Amino acid sequence: MNSVAKSLLKSVKHGRAAWLRSSSACSGKQHLRKLVLGIETSCDDTGAAVVDDAGNVLGEALHCQREVHLQAGGIIPVVAQQLHRENIEQVVKEALGVSGVSVQELAAIATTVKPGLALSLEVGLHYSLNLVNKYQKPFIPIHHMEAHALTVRLTHHVEFPFLVLLLSGGHCILAVAQGVSDFLLLGQSIDIAPGDMLDKVARRLSLRKHPECHSMAGGKAIEHLAQTGDWQQYTFRLPMQQHRNCDFSFSGLQNLVNKAIIQKEKEEGIQEGEILSCVKDIAAAVQHAVAVHIIQRTYRAMLFCIKNSILSSKNATLVVSGGVASNQYIRKGLQTLADANDFAFLCPPPRLCTDNGVMIAWNGVERLRAGLGVLHSTDGIRYEPKAPLGIDISKRLEEDSIKVPKLKDMMVSMLKSNLVK
């Protein structure tokens, strides 16, 4: 482990990592209900929760590594792994303790095994298998993106099928959820995810040095500064305009933004690492470009699903989840798109959009109900850093070559809502 990693871990032991806890009050015995323990370690948060088959969150705990990785300017896998190892037992004990449930009372243990950081996934799987073998409990391996997609069914009454957009620091996926373990993949990022791109732009702008943003993660800092910036001061060419599909691309947009930042630094006579006077306008323009790109691809997915009767035009639903779904500008743009196309629009609450144990436990409950992927033998179980979601029909979608109408009228609607400066 290098010196940076060691110093970061040392700072954690002095109390810089925060504990986030919440629980749902419950009363009475739970003997008649099936209880699932969910464990999440796919990236940089250690989460655990107990959820019953009625959708009640009996107890949860989350150890957040954000402050540690902010110091390094990004996630260091070996640090994330070590922090998971140090905290997973306490997180699980906390969730079980708050819920008032013992491991013996559990119907199953569900754990994220794909996709994610290999070193992080290994910690959760190893710990879970020890529990499973010790207490002889069924094991339910969970696909992280499936869990994000189905979280909305914990908080809202949503029937299959529905269109789901998953936005996070590591993923950008458009899919149709047809069942608990039945997805049609419409499109995904061909390079980096939107959250990753926003974090990298924030680092290039040195937003940790900005007095309003020193304790914020990159994407949150961009969103905060954009609120008082003017996106119209900069125009960034939108990605993949010539491709009539639902794939996303953010690396080219990031390069355009970096070139604009370099140009402004030259004009203002400052060095990299100093704060530009126009930083709020750049933040607003970047956020706007990301939002419009996402909205355009989602619009095409809507049109494709209605045209091919994958979704009914009478009761179609768009679900948006994942960490970037908590960005209010992007969320409101998607809400406007849904309203304009007679789609219901649903998002889990912000705390369930980011990684957590609740969504893993709930996915376990859904799979337990359906009898899907409930294992009584864990022989051969492995974690998978990369794993597709569902059946890929993106080529079929591209063959339809659906032209997306201009978004001008929708942007006017956003202006009227004071969402676009």
Side-chain angles (χ1 to χ4, degrees), residues 2 4-5 7-8 43-44 65-77 79-80 117 167-172 189-240 248-294 322-330 333 354 421:
N2 62 30
V4 174
S7 66
L8 286 173
C43 189
D44 60 337
Q65 301 179 10
R66 182 173 64 89
E67 290 297 328
V68 180
H69 297 296
L70 270 176
Q71 297 175 47
I75 296 171
I76 300 177
V79 173
L117 297 177
L167 302 169
S168 71
H171 301 275
C172 189
S189 177
I190 63 172
D191 40 59
I192 62 175
D196 186 25
M197 180 255 183
L198 291 172
D199 285 346
K200 287 176 177 175
V201 171
R203 286 200 294 274
R204 183 60 184 80
L205 288 168
S206 302
L207 295 190
R208 288 211 70 202
K209 296 180 181 179
H210 195 286
E212 298 177 28
C213 307
H214 63 90
S215 63
M216 293 182 182
K220 286 293 182 185
I222 293 286
E223 181 180 7
H224 174 75
L225 294 179
Q227 291 175 351
T228 50
D230 182 359
W231 67 268
Q232 293 174 309
Q233 293 300 313
Y234 296 91
T235 301
F236 296 117
R237 187 176 68 252
L238 295 175
M240 302 186 73
F248 304 84
S249 174
F250 297 96
S251 62
L253 179 57
Q254 180 193 333
N255 290 336
L256 292 176
V257 175
N258 286 343
K259 288 178 181 178
I261 293 171
I262 291 169
Q263 180 61 34
K264 291 305 297 183
E265 286 172 342
K266 289 179 180 178
E267 292 176 11
E268 296 189 9
I270 66 173
Q271 300 293 317
E272 179 177 343
E274 298 179 75
I275 303 296
L276 288 166
S277 63
C278 57
V279 67
K280 292 184 177 182
D281 293 339
I282 293 177
V286 171
Q287 179 179 254
H288 181 73
V290 169
V292 174
H293 180 45
I294 290 170
V324 178
S326 63
N327 180 295
Q328 291 302 304
Y329 188 87
I330 294 173
T354 52
K421 189 173 175 65

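These values consider heavy atoms only, across backbone and side chains, with no hydrogens, waters or symmetry-generated copies. Please read these numbers as outputs of a predicted model, since none were measured by experiment.
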How about [X] and [Y]: do any of their side-chain heavy atoms sit closer than 4.5 Å?
| X | Y | answer |
| --- | --- | --- |
| His224 | His210 | no |
| Asp191 | Met197 | no |
| Leu256 | Arg237 | yes |
| Gln287 | Asn327 | yes |
| Met240 | Ile190 | yes |

| task | Could you check Ile262, Ile282, Val257 and say which one makes a side chain to side chain contact (heavy atoms under 4.5 Å, CB included) with Arg204? | result | Ile262
Nearest-0.5 Å distance that lies between atom [atom1] in [X] and atom [atom2] in [Y]:
| X | Y | atom1 | atom2 | result |
| --- | --- | --- | --- | --- |
| Asp199 | Ile222 | CG | CD1 | 8.5 Å |
| Gln232 | His288 | CD | NE2 | 7.5 Å |
| Leu117 | Ile75 | CG | CD1 | 6.0 Å |
| Ile192 | Ser251 | CD1 | OG | 5.5 Å |
| Gln227 | Glu223 | CD | CD | 6.0 Å |

| How are the rings of His293 and Phe250 set relative to one another: parallel (under 30°), tilted (30 to 60°) or perpendicular (over 60°)? | perpendicular
| Considering all heavy atoms of both residues, which atom of Ile275 and which atom of Leu205 are nearest to each other, and what is their separation? | CD1-O, 3.5 Å
| said: If the threshold is 4.0 Å, N to carboxylate O, is there a salt bridge linking Lys200 and Asp196? | reply: yes
| query | Okay, side chain of Asp230, backbone of Asp281: is any donor-acceptor separation there less than 3.5 Å? | reply | no
| note | Result for side-chain hydrogen bond (donor to acceptor under 3.5 Å, both in side chains) between Ser277 and one of Glu268, Glu267, Lys264 points to Glu268
